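Remember, it's a predicted structure, so these values are computed and weren't measured experimentally. Residue numbers begin at 1 in each chain, while the letters A, B, ... track the order of the sequences.
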Amino acid sequence: MDYKELADLIFPNAKEISYYEELYPERNLSEGAKVTRFAPSPTGFVHIGSLFVSLIDKKLAKQSNGTFLLRVEDTDQKREVEGGVQGILDALKDFGLQVDEGVVSEKEEIGKYGPYLQSKRKEIYQAYAKDLISKGLAYPCFCTAEEIEEKRLTQENAKIRPGYYGVWAKCRNLGIDNMVEKINNGEKYIIRLKSPGREDKKIKHHDLIRGNIEFPENDQDIVIIKADGLPTYHFAHAIDDHLMKVTHVIRGDEWISSVPLHIQLFQVLGFKPPKYAHIAPLMKEEDGGKRKISKRKDPEAAVSYYHKEGIPEDAVTEYLLNIANSNFEEWRRANPEKSTDEFELALNKMGVSGALFDIVKLLDVSKNVISKYSKEKIYEDSLKWAKAYDAELKTVLENDKDYAIRILGIERGIEKPRKDIAKLSDIKYSMEYMYDDIFDKQSNYEFQKVSDEKEIKQILEKYVENYFDISDDKQMWFDKMKDLAEELGYAREVKLFKKEPEQYKGHIGDISMVLRVVITKRQNTPDLYEIMQILGKEKVQKRINNYLNK
RNA sequence: GGCCCGUUGGUCAAGCGGUUAAGACACCGCCCUUUCACGGCGGAGUCAUGGGUUCGAUUCCCGUACGGGUCACCA
């Protein structure tokens, strides 16, 4: 018997590989166009690191007029979770990372290089595995899990490199007849690559991010087809990225040590290898040290966390871009209004060691992003967020849309907008005192410098009696505040007070603070004039009376 | 442990043979301001370590320490 017959015995129904080579022709793309792919496995929530990688995939494809595709790597049925694919789709959609090709919903896909669900590509992998077997480049292995484990222990005890290679690759030299016999006897087996590599030889690899790296060649006879007939990651990666004509493989740097294997696989299969870019992981600080953000321990590892917190997706995107290329910040300052789509991302500007994911900085980015929103946009976004996470806020926003928009519009849309909202979940706090039912329930007034009740009441009485007129424009209102201050023995300008503090009881700021606290029960609020305008005459009057009569 | 990779202020980082070692976040101070915020100005704070190479090393080489990744029929 020869290899050809062995291959036929193992995969009797597999097609010739020429069939697939013809089925998937070269892409007709312009010079320099990059084909990238996001290839997650649906094993749980989408990790912020995966999002980071796919953001880079998307940008690279887009800025080169290439193609960004989504391939789902569902070859491990044991780890697969329900709704995993939908979660991936939702994350991409939320972050505006539409794919040009690949899986687009739980049931549909678009593009000519599919299927894009690895579980549906079983016959393709098997065809290539069969081809390898028929050429003597792969072979069935009958070792049991226990045998392998035992081998590993032996190797460890003897302090030699563990693995299935060289003399340890027992089934490699079984002989075709023995293999056939075992198969005919119904013994279970998997398919291994017959690695042509030698550990004492080096392979050079040029990584788009990490530069030149040298590794020992791979000499492990790794598994390519598992007992369930599905391929391992490595084998699927080589076949899929070849057949889908992926030019640039962007992935987390936990893969970098597999590069020798992958390049070998491409060579054995007769494929041209893609270019690789290995991205450093996002880290988190813990006890003064750094560690990779962990799915299990860190809520912020899940992209859904940002959604829940109300941190806008575009803020997360900006922050991630900033980690990717630190010149992004400079670009943003020079182009405050441009879409991040216009930022040109460069792989060689990416850092090689893991960056700490800094929530404080993210929030700062988020403040800036939100400060540029129009009042209508922030209303819509807040409402959308509230519908999902805050029923009370939702009611408030919906009850009187115009009123809410006016509140959200305070000091917004101007050259130097307020930057006190970092996430949509801050909205409630920032507007609730504008609503009587909530205001009335709020706790006591906390004054600053002027806290004597008699004095406060006098200020209020004078204000209502001589100065309060809701139809005043801002300048008039302010001038009247100054007059009021003067009348009561306070300086009408802070400067005057600073010059001769002993001459006055205080200054205009102290008077304003009294009014602010009485009207809002807050010491920190945006522009008081605007607040009063939005509340209107009755409410302002009522709030003042509330205090006077309490 | 083997193999890869890395280490610039608290954090993200630019620089990569000669620089007062950029910038951003955070922090502190001052100014502006009716408060807060914004904005403006200023401050403190860094090249892991030991050896080389060199007229000169943050930048190049070697060692050490520390950190990360990886060594599955998981991706």
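Taking the C1' atom of each, B/G42 and B/U54 are spaced 39 Å apart, rounded to whole Å. When the C1' atom is used for both B/U19 and B/C61, the distance is 24 Å, rounded to whole Å. A gap of 36 Å separates the C1' atoms of B/A37 and B/C47, to the nearest Å. Across B/A14 and B/C55, the matching C1' atoms stand 28 Å from one another, rounded to whole Å. The separation of B/C66 from B/A24, taken at their C1' atoms, amounts to 27 Å, rounded to a whole angstrom. Nucleotides B/G45 and B/U53 are separated by 32 Å at their C1' atoms, to the nearest Å. One P atom belongs to B/G15, the other to B/C38, and the distance between them is 30 Å to the nearest Å. Taking atom C1' on both nucleotides, B/U11 is separated from B/C27 by 12 Å, rounded to a whole Å.
Of all nucleotides listed (B/A37, B/G68, B/A75), B/G68 comes nearest to the side chain of A/Met283. Comparing B/U11, B/A75, B/U33 by their closest approach to the side chain of A/Lys495 singles out B/U33. For A/Arg192, counting side-chain heavy atoms from C-beta on, the closest listed nucleotide (B/U11, B/A72, B/C73) is B/C73. Among B/A26, B/A14, B/C74, the nucleotide with an atom closest to any side-chain atom of A/Ser326 is B/A14. The side chain of A/Asn524 approaches B/U35 more closely than any other nucleotide in the set B/A75, B/U35, B/G6. The side chain of A/Pro162 approaches B/C71 more closely than any other nucleotide in the set B/A75, B/C71, B/U34. Considering only side-chain atoms of A/Val494, the nucleotide from B/U34, B/A24, B/C3 that sits closest is B/U34. For A/Ser257, the side-chain atoms get nearest to B/U70 when compared with the rest of B/C73, B/U70, B/C36. You'll find that the side chain of A/Ile213 is closest to B/C4, out of B/C73, B/G68, B/C4. The side chain of A/Ser512 lies closest to B/U34 when the candidates are B/A75, B/U34, B/A13.
To the nearest 0.5 angstrom, A/Ser119 atom OG is 7.5 Å from A/Leu230 atom CG. The structure places CG of A/Asp241 at 10.5 Å from OG1 of A/Thr36, a figure rounded to the nearest 0.5 Å.
Atoms CG (A/Leu488) and C1' (B/U34) sit 15 Å apart, rounded to a whole Å. We find that CG of A/Asp364 is positioned 20 Å from P of B/G10, with the value rounded to whole Å. If you measure from atom CZ of A/Arg152 to atom C1' of B/C73, you get 15 Å, rounded to the nearest angstrom. In this structure, A/Tyr319 atom OH and B/U11 atom C1' are separated by 8 Å, rounded to whole Å. For the pair A/Glu147 CD and B/A72 C1', the computed distance is 16 Å after rounding to whole Å. The nearest whole Å value for the distance from the CD1 atom in A/Ile519 to the P atom in B/U34 is 17 Å. Counting to the nearest Å, the P atom of B/G1 and the CD1 atom of A/Ile160 are 18 Å from each other. Between A/Lys202 atom NZ and B/C3 atom C1' there is a gap of 8 Å when expressed in whole angstrom units.
Note on A/Lys226: a side-chain N or O is less than 4.0 Å away from OP1 or OP2 of B/A75. For B/A75, the OP1/OP2 oxygens have a side-chain nitrogen or oxygen of A/Thr75 closer than 4.0 Å.
With respect to A/His237, the side chain to side chain contact (heavy atoms under 4.5 Å, CB included) criterion is satisfied by exactly one of A/Thr232, A/Val246, A/Leu261, A/Val249: A/Val249.
Nucleic acid contact for A/Lys188: none, since no nucleic acid atom lies under 4.0 Å from a heavy atom of the residue. Counting non-hydrogen atoms under 4.0 angstrom, A/Phe215 reaches the backbone sugars and phosphates but no base. Residue contacts for A/Lys419: at a heavy-atom cut-off of 4.0 Å it reaches the sugar-phosphate backbone alone, with no base atom in range. Among the protein residues, A/Thr525 comes within range of the nucleic acid bases, having at least one heavy atom under 4.0 Å from a base atom. Contacts of A/Tyr529 with the nucleic acid, taken as non-hydrogen atoms under 4.0 Å apart, are absent. Residue A/Arg161 is classed as having no contact, given no heavy-atom separation below 4.0 Å to the nucleic acid. Using a 4.0 Å heavy-atom cutoff across all strands shown, A/Pro42 reaches no nucleic acid atom at all. Note on A/Ala355: only backbone sugar-phosphate atoms sit closer than 4.0 angstrom, heavy atoms only; bases stay farther off. Nucleic acid contact for A/Glu214: sugar-phosphate only, since backbone atoms but no base atoms lie under 4.0 Å from a heavy atom of the residue. Among the atoms of the strands shown, only primed sugar atoms or phosphate atoms (P, OP1, OP2) are found under 4.0 Å from some heavy atom of A/Met513. Across all strands, A/Glu254 comes closer than 4.0 Å only to sugar-phosphate atoms, never to a base (heavy-atom distances). Backbone-only engagement by A/Arg333 is indicated by non-hydrogen atom pairs under 4.0 Å involving sugar-phosphate atoms exclusively. When heavy atoms are screened at a 4.0 angstrom cut-off, A/Asp527 is found touching base atoms of the nucleic acid. Contacts of A/Trp331 with the nucleic acid, taken as non-hydrogen atoms under 4.0 Å apart, are absent.
With a cut-off of 3.5 Å on both Watson-Crick or G-U wobble distances, the partner of B/A44 is given as none. Of all nucleotides present, only B/G52 satisfies the Watson-Crick or G-U wobble test against B/C60, with each distance under 3.5 Å. Remark: B/G1 base-pairs with B/C71; criterion is Watson-Crick or G-U wobble with both hydrogen-bond distances under 3.5 Å. As the counterpart of B/G6, B/C66 is assigned, both hydrogen-bonding distances of the Watson-Crick or G-U wobble pattern falling under 3.5 Å. Across all strands shown, the partner of B/G39 is B/C31, judged by Watson-Crick or G-U wobble contacts whose two distances both fall under 3.5 Å.
Side-chain contact annotation: A/Glu199 with A/Tyr165, donor-acceptor N/O pair under 3.5 Å absent. For the residue pair A/Lys204 and A/Asn212, no side-chain donor N or O sits within less than 3.5 Å of a side-chain acceptor on the partner.
For A/Arg210 and A/His507, each mapped to the nucleotide of RNA chain B holding its nearest heavy atom, the one lying further toward the 5' end belongs to A/Arg210. Both A/Gln118 and A/Arg516 lie near RNA chain B, and the one whose nearest nucleotide falls closer to the 5' end is A/Arg516.
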Exercise. Determine, step by step, whether A/His262 and A/His234 satisfy the side chain to side chain contact (heavy atoms under 4.5 Å, CB included) criterion, reporting the C-alpha distance in whole Å, the side-chain angles of both residues, the deciding distance to 0.1 Å, and the verdict.
Key: CA-CA 7 Å; A/His262 294 166; A/His234 307 105; 2.7 Å; yes
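Ring centroid separation for the pair A/Tyr189 and A/Phe142 comes in under the 6.0 Å cut-off. Separation of the A/Tyr547 and A/Phe447 ring centroids falls under the 6.0 Å cut-off. The aromatic ring centres of A/Phe497 and A/Tyr490 sit 6.0 Å or more apart. The distance between the ring centers of A/Phe478 and A/Tyr529 does not fall below 6.0 angstrom.
Side-chain to base pairing of A/Lys361 with B/A24: one donor and one acceptor N or O lie within less than 3.5 Å of each other.
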